[in-house]
*Asks:* 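Just dropping this structure here.
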Amino acid sequence: MAEKSLKILALTGGVGGARLASGLYSAFGGSSLTCLVNTADDFEYLGLSISPDLDSLMYALSGESNFAQGWGRKDESWQCRSALKQYGVDTRFALGDRDLATHILRTQALREGQSLSEITARLNRRLLTDCRVLPMTDDRVRTIIKTPQGELGFQDYFVWHQCEPTMLEVHFDGMASARPNPAVMQLLSRPLDAIIVCPSNPYVSIHPMLELPGLVNALRANGAPVIAVSPIVSGNALKGPAAKMMEEDNRPVSAAGVAGWYTEHYPGLLSGFVLDRQDIAELDDIQAMGLRAVALATVMTGPAEQRHLATDIVAEFVD
Ligand code: GDP
Ligand code: CA
């Protein structure tokens, strides 16, 4: 199949998702790729509307990200943060000067009544990416983590509590009345070549997307192969609390554990699963779940690895 005719939908959270999405973008171009992005970690801070996963993705696609750090912009400076600190503000949630520009414009647009989709498209165009970046919804959905210390909003759990409290339960405030982004529903009404669930945290990056009323049915009905990539490699998360959350959910911290999470929560959704070559011993267990499992090099240490993984996945699963 000619590469330019491919139509791919990628479901992504922040860092892990942005890495694979960047590889897909580099390999197949913006006209082939639409990214549906988690917005359940969005929050307000110092009066600003912050969308961490949208920003991680847009910065990665546009070559603006700080790859080593995994969040924020490259060539960042911290003048505003220092000045806030001088005023006694708790600045553990670090906002760089260049990053602030994004939050200021987004906040202003939302206050003027624009949708999150509209302002995202505008910022993304200005960052010179031609890939469609869709917030999962324009409605307000927020991840709430139930812990022994009470219910914590995601950023509260992640930044102020450093993911320390035990996750007893997760729910998504606002979900029942949220609508998936109409643009993704429209996209799904036409045949796609592949739906790729990026190696993002299943609990707090992918779950909120899949819980949007009607989305999973639309993904299943599209008929394209739905392929998830494991964010757990060799029994660990490359970043963030995914491994800790799996333990607290009493699941094996492994690629097979991730595959089990998907098949139990959403039977029949996935057709394929990509695990890392280091975990090839788990291949049969994952196949036994009814998935076509393929072991690939999934650790994306730079742009070349991102692109390789993207082309390998498409070569394996798209005919
Ligand atoms: P967040 O919203 O910034 O936490 O990002 P995501 O949910 O998109 O990604 C977090 C997950 O990405 C973690 O569980 C990591 O293990 C995974 N991850 C990050 N980089 C890579 C990578 O290069 N390969 C794979 N397989 N997983 C990765
Ligand atoms: Ca996130």
Side-chain angles (χ1 to χ4, degrees), residues 10-24 35-43 50-61 65-72 93-94 133 135-136 141-143 145 153-159 162-163 167 170 172 196-210 227-247 249 251 253-255 257-259 261-262 273-280 282 293-310 312-313:
L11 271 55
T12 137
V15 177
R19 287 186 173 169
L20 182 54
S22 300
L24 290 163
C35 296
L36 188 70
V37 187
N38 174 43
T39 58
D41 321 337
D42 289 12
F43 69 116
I50 302 185
S51 297
D53 289 359
L54 281 171
D55 292 344
S56 295
L57 182 71
M58 286 194 304
Y59 295 157
L61 293 175
S65 67
N66 181 330
F67 191 91
Q69 186 173 259
W71 53 269
F93 187 83
V133 174
M136 66 181 200
V141 173
R142 294 291 182 267
T143 295
I145 301 185
F154 181 75
Q155 297 300 332
D156 198 2
Y157 165 85
F158 190 74
V159 179
Q162 308 262 303
C163 309
M167 173 189 81
V170 182
F172 306 109
I196 299 179
V197 183
C198 290
S200 290
N201 184 318
Y203 295 91
V204 291
S205 293
I206 302 297
H207 203 185
M209 279 190 267
L210 296 181
I227 304 127
V229 182
S230 178
I232 300 293
V233 176
S234 195
N236 283 304
L238 281 93
K239 192 201 149 271
K244 179 174 181 279
M245 289 178 163
M246 291 188 79
E247 252 167 51
D249 188 30
R251 284 181 191 273
V253 184
S254 63
V258 175
W261 183 91
Y262 277 105
F273 192 84
V274 175
L275 65 163
D276 194 82
R277 286 207 180 112
Q278 298 174 58
D279 299 318
I280 197 153
E282 296 172 39
V294 175
L296 298 171
T298 74
V299 180
M300 296 169 277
T301 46
E305 290 77 8
Q306 293 171 346
R307 193 183 158 103
H308 271 140
L309 179 57
D312 286 352
I313 293 171

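Note that these values count all heavy atoms, side chains included, but never hydrogens, waters or copies made by symmetry. One-based numbering, in listed order, for ligands and for the atoms of each. Here the structure is a predicted model, which is why all the values come from computation and not from measurement.
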*Asks:* Is it true that D53 lies under 4.0 Å from ligand 1, counting heavy atoms only?
*Replies:* yes

*Asks:* So is G16 polar-close to ligand 1, meaning N/O to N/O under 3.5 Å?
*Replies:* yes

*Asks:* Considering only protein heavy atoms, which is closest to atom 10 (C) of ligand 1, and at what distance to one decimal place?
*Replies:* N201 N, 4.0 Å

*Asks:* Please give me the minimum heavy-atom distance between A21 and L57, naming the atom from each residue.
*Replies:* CB-CD1, 3.5 Å

*Asks:* Report, in ascending order of atom number, the atoms of ligand 1 lying under 4.0 Å from any heavy atom of V299.
*Replies:* 23 (O), 24 (N)

*Asks:* Measure from the Ca ion (ligand 2) to every N/O/S atom of D41 and report the name of the nearest one.
*Replies:* OD2

*Asks:* Considering only non-hydrogen protein atoms, determine which one is nearest to atom 8 (O) of ligand 1 and report residue, atom name and distance to 0.1 Å.
*Replies:* S200 OG, 2.6 Å

*Asks:* What protein heavy atom sits nearest atom 23 (O) of ligand 1, and how far away is it?
*Replies:* M300 N, 2.8 Å

*Asks:* Here's a test for you: under side chain to side chain contact (heavy atoms under 4.5 Å, CB included), which of T39, L36, T12 qualifies with M209?
*Replies:* L36

*Asks:* Backbone or side chain, does any N or O of G14 fall under 3.5 Å from an N or O of ligand 1?
*Replies:* yes

*Asks:* Can you tell which of T298, V204, V229, V15 gets a heavy atom nearest to atom 1 (P) of ligand 1?
*Replies:* V15

*Asks:* With respect to the Ca ion (ligand 2), what is the nearest N, O or S atom of D53?
*Replies:* OD1

*Asks:* Below 30° counts as parallel, above 60° as perpendicular, anything between as tilted: where do the rings of F158 and F154 land?
*Replies:* parallel

*Asks:* Check each of S205, S230, G13 against atom 7 (O) of ligand 1 and report the one with the nearest heavy atom.
*Replies:* S205

*Asks:* Hey, is P199 touching ligand 1 through its side chain, its backbone, both or neither, going by heavy atoms under 4.0 Å?
*Replies:* both

*Asks:* For atom 15 (C) of ligand 1, which candidate among R19, Q306, K239 holds the nearest heavy atom?
*Replies:* K239

*Asks:* Does any N/O atom on I232 come nearer than 3.5 Å to any N/O atom on ligand 1?
*Replies:* no

